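Notes to accompany the following structure.
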Amino acid sequence: PPSGAAMVFFPKKLKTYCKNKACKKHSMHSVTQYKPGKASLFAQGKRRYDRKQAGFGGQTKPVFRKKVKTTKKITVRLKCKICLAVSQYCLGRTKHFELGQKKV
């Protein structure tokens, strides 16, 4: 099927390479789905944007209105069971993503 069409089932535990200085070997990792955190009001870009928007003059930056993508890229967080180091792995685009085994 074309990219992003199939359901993706990903295991909750995965044996993969850990590139932390403490490990440097294949070990079990626990898998969770990455979710972006809440945007900070004090990030430089947000402060700059708010400063530019303040006062009269309306919207100063372009507002994106041509959204065509129907999926988001799925990223998983891999946490090493031995050294507790966290790495991220991008799975790409898919409409449906689930952690755990396929239900029969």
Side-chain angles (χ1 to χ4, degrees):
S3 178
M7 283 191 189
V8 175
F9 292 93
F10 206 79
K12 287 186 179 178
K13 292 185 178 75
L14 184 72
K15 190 168 188 176
T16 188
Y17 183 73
C18 178
K19 56 187 176 186
N20 188 23
K21 285 180 193 170
C23 268
K24 292 257 184 215
K25 61 177 179 273
H26 280 74
S27 59
M28 286 305 290
H29 287 69
S30 59
V31 179
T32 54
Q33 188 174 352
Y34 166 78
K35 290 276 202 292
K38 187 180 169 192
S40 169
L41 289 173
F42 301 105
Q44 179 61 60
K46 178 66 175 153
R47 283 181 286 154
R48 184 182 295 121
Y49 177 77
D50 289 343
R51 183 87 180 112
K52 194 168 184 180
Q53 285 291 93
F56 298 108
Q59 182 68 32
T60 59
K61 303 280 273 177
V63 177
F64 186 71
R65 289 197 179 93
K66 295 181 178 180
K67 187 174 184 299
V68 292
K69 300 260 191 297
T70 56
T71 57
K72 289 198 180 291
K73 286 184 178 178
I74 302 296
T75 302
V76 291
R77 294 175 79 239
L78 304 169
K79 186 174 185 178
C80 180
K81 297 267 188 174
I82 298 168
C83 66
L84 303 179
V86 178
S87 59
Q88 292 183 333
Y89 176 67
C90 182
L91 290 177
R93 295 185 180 278
T94 179
K95 282 192 187 269
H96 184 87
F97 172 77
E98 265 182 50
L99 279 174
Q101 300 304 316
K102 189 183 283 191
K103 294 165 188 76
V104 180

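This one's a predicted model, so the numbers in the text were calculated from it and none came from an experiment.
- Proximity of His29 to Cys18: side-chain heavy atoms (C-beta onward) are separated by under 4.5 Å at one or more points.
- One finds the CZ atom of Arg93 at 10.0 Å from the CD1 atom of Ile74 (value rounded to the nearest 0.5 Å).
- The two residues Gln88 and Tyr34 have their closest heavy-atom pair at NE2-CD1, 3.2 Å.
- Of all heavy-atom pairs between Lys19 and Lys24, the closest is O-NZ, 4.2 Å.
- To the nearest 0.5 Å, atom NZ of residue Lys25 and atom OG1 of residue Thr16 are 13.5 Å apart.
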* Asked: What's the verdict on side-chain contact (heavy atoms from CB on, under 4.5 Å) for Val31 and Leu78, showing C-alpha distance, side-chain angles and the deciding distance?
  -> CA-CA 5 Å; Val31 179; Leu78 304 169; 3.6 Å; yes

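- Using a 4.5 Å heavy-atom cutoff, the side chains of Ser27 and Lys81 are not in contact.
- Put simply, the side chain of Lys79 reaches to within 4.5 Å of the side chain of Leu84, judged on heavy atoms.
- Under the 4.5 Å side-chain criterion, counting only non-hydrogen atoms from C-beta, Gln53 is in contact with Gln59.
- Tracing side-chain contacts under 4.5 Å through hydrophobic residues (I, L, V, M, F, W, Y), one never reaches Ile82 starting from Leu14; they form parts of separate clusters.
- Annotation: the span from Thr94 atom OG1 to Lys72 atom NZ amounts to 14.0 Å, rounded to 0.5 Å.
- Each of Tyr89 and Tyr17 belongs to its own hydrophobic cluster when Ile, Leu, Val, Met, Phe, Trp and Tyr are linked at side-chain heavy-atom distances under 4.5 angstrom.
- Side-chain atoms of Lys67 come within 3.5 Å of backbone atoms of Lys69 as a donor-acceptor pair (strictly under, hydrogens ignored).
- Pairing each heavy atom of Leu99 with each of Lys12, the nearest pair is O-CE, 3.9 Å.
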